[in-house]
Amino acid sequence: MKLALNGGFTCPNIDGSRGTGGCTYCMGGSGEFAGDVNESILHQFEAVKERMRSKWHEGKYIAYFQANTNTYAPVDILRQRFEPVLRQPGVVGLSIATRADCLAPDVLDYLSELHSRTYLIVELGLQSVYDKTGERINRCHTFREFLDGYNALMGRGINTCVHLIDGLPGEDAEMMINSARVVGGLMPHCVKLHLLHVMRGTELARQYERGGLRTLERDEYIDIIVRQLEVLPQEIVIQRLTGDGGRKNLIAPLWSIKKFEVLNGIDKLMAERDTWQGRLTNPEK
């Protein structure tokens, strides 16, 4: 089970070092389901563990540092956040969400150390391979910078997960599918495919309310996901096919609340098309 935690980190496009305001879709560090930042890491861990155990009574734990940029701090601070959780009974690994431009050499050394003694995944929020899109969403780093960080992790053998978001402003279906194709060519350990959510209080919500943003319809999204899966090699683990937006803050698309209907729709369309993950990259299979 993944236990989502909030390490109290900030982000370089929030604190002014790269930009301000955060990504346009970001609401409080993209960690809405993480622990309470006002509590210590161990208090968060216990609280989230109890919530999860109400659904799944048995299992081991992966501590998921989800909110904001979880390598954007000196290494001694990172150790203060990560090490206490690793010592908890039942914890078998770490998942650390971050940005590719926040991997200083000493941070990479520490991640290599963690990789040598626990199961580690570093999650990189790319969202799109297009720099124009990155500018629209205030990502504040380029695809070239992403590649530098990604290659630094992969060069050390660290499991890396790449996030993509479908439905970003200015993108059509072919661009979204090409982002998946390009990422598939990099052969990360895993990929997360996520629907763009318009959340209250974000810059994206203001754009939506001004009529400057159209969100994807359910059937559009399902079609895009199936086509993205076709260009992602079978060896890549797909961690996510859609995402959760907290109901009280979700403005659009409201159809996304019915998550199992979306997942069932993906299964149905893949069966109808007699297709599978990697069909266009592993045609002999």
side-chain contact (heavy atoms from CB on, under 4.5 Å) between L153 and L108, worked out: CA-CA 7 Å; L153 290 167; L108 286 166; 3.8 Å; yes

SB check R227 E174 (cutoff 4.0 Å):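 Yes, charged N to carboxylate O under 4.0 Å.
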
Any heavy-atom pair between the side chains of [Y] and [X] that's under 4.5 Å?
| X | Y | value |
| --- | --- | --- |
| D76 | R79 | no |
| L114 | E83 | yes |
| D109 | V75 | no |
| P12 | T69 | yes |
| L164 | L126 | yes |
| F143 | D131 | yes |
| Y25 | Q127 | yes |
| I96 | L111 | yes |

All side chain to side chain contact (heavy atoms under 4.5 Å, CB included) counterparts of R214, not counting sequence neighbours: L216, E217, E220

Mark yes or no for whether [X], through its side chain, and [Y], through its backbone, hold a donor-acceptor pair below 3.5 Å.
| X | Y | value |
| --- | --- | --- |
| N264 | F260 | yes |
| T160 | V122 | no |
| N138 | T20 | yes |
| N70 | A97 | yes |
| H115 | G157 | yes |
| R99 | C140 | yes |
| Q207 | G212 | no |
| D172 | M175 | yes |
| Q228 | M176 | yes |

Heavy-atom closest contact ([X] atom, [Y] atom, distance):
| X | Y | result |
| --- | --- | --- |
| F146 | A100 | CA-CB, 3.5 Å |
| C11 | Y72 | C-CE2, 3.6 Å |
| L232 | Q277 | O-CG, 3.2 Å |
| V85 | A63 | CG1-CB, 3.2 Å |
| L229 | I266 | CD1-CG2, 4.4 Å |
| P169 | L204 | CG-CD1, 4.0 Å |

Honestly curious: do [X] and [Y] fall in one hydrophobic cluster under the side-chain, below-4.5 Å linking rule?
| X | Y | answer |
| --- | --- | --- |
| V91 | I62 | no |
| F65 | I77 | yes |
| L147 | V129 | yes |
| Y150 | V191 | yes |
| L263 | L195 | yes |

E203/R206 under salt bridge (charged side-chain N to carboxylate O under 4.0 Å, His left out): CA gap, chis, key distance, verdict: CA-CA 5 Å; E203 174 57 31; R206 289 184 280 275; 3.1 Å; yes

Roughly how far, to the nearest 0.5 Å, is the [atom2] atom of [Y] from the [atom1] atom of [X]?
| X | Y | atom1 | atom2 | answer |
| --- | --- | --- | --- | --- |
| F45 | Q88 | CZ | CD | 5.5 Å |
| I225 | I177 | CD1 | CD1 | 9.5 Å |
| K192 | L241 | NZ | CG | 12.0 Å |
| L124 | I121 | CG | CD1 | 11.5 Å |
| I251 | E209 | CD1 | CD | 5.0 Å |
| K49 | L5 | NZ | CG | 12.0 Å |

side-chain contact (heavy atoms from CB on, under 4.5 Å) between E261 and W255, worked out: CA-CA 9 Å; E261 290 187 7; W255 56 260; over 6 Å; no

R81 and N6: CA distance, side-chain angles, deciding distance, side-chain contact (heavy atoms from CB on, under 4.5 Å) verdict: CA-CA 9 Å; R81 300 294 191 275; N6 190 328; over 6 Å; no

Sequence-distant partners of K259, salt bridge (charged side-chain N to carboxylate O under 4.0 Å, His left out), two or more places apart: D244

Chi angles and distances behind the side-chain contact (heavy atoms from CB on, under 4.5 Å) call for N178, Y130: CA-CA 10 Å; N178 190 53; Y130 294 96; 3.0 Å; yes

Ring geometry between Y119 and H189 (parallel below 30°, tilted from 30 to 60°, perpendicular above 60°):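 Rings of H189 and Y119: perpendicular, over 60°.
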
Among E123, Q66, Q239, the one residue meeting side-chain hydrogen bond (donor to acceptor under 3.5 Å, both in side chains) with S95: E123

Polar contact flag, side-chain donor to acceptor under 3.5 angstrom, S256-Y221: no

CA sep, side-chain torsions, deciding dist, call: R139, D101, salt bridge (charged side-chain N to carboxylate O under 4.0 Å, His left out): CA-CA 11 Å; R139 185 176 63 192; D101 61 340; over 6 Å; no

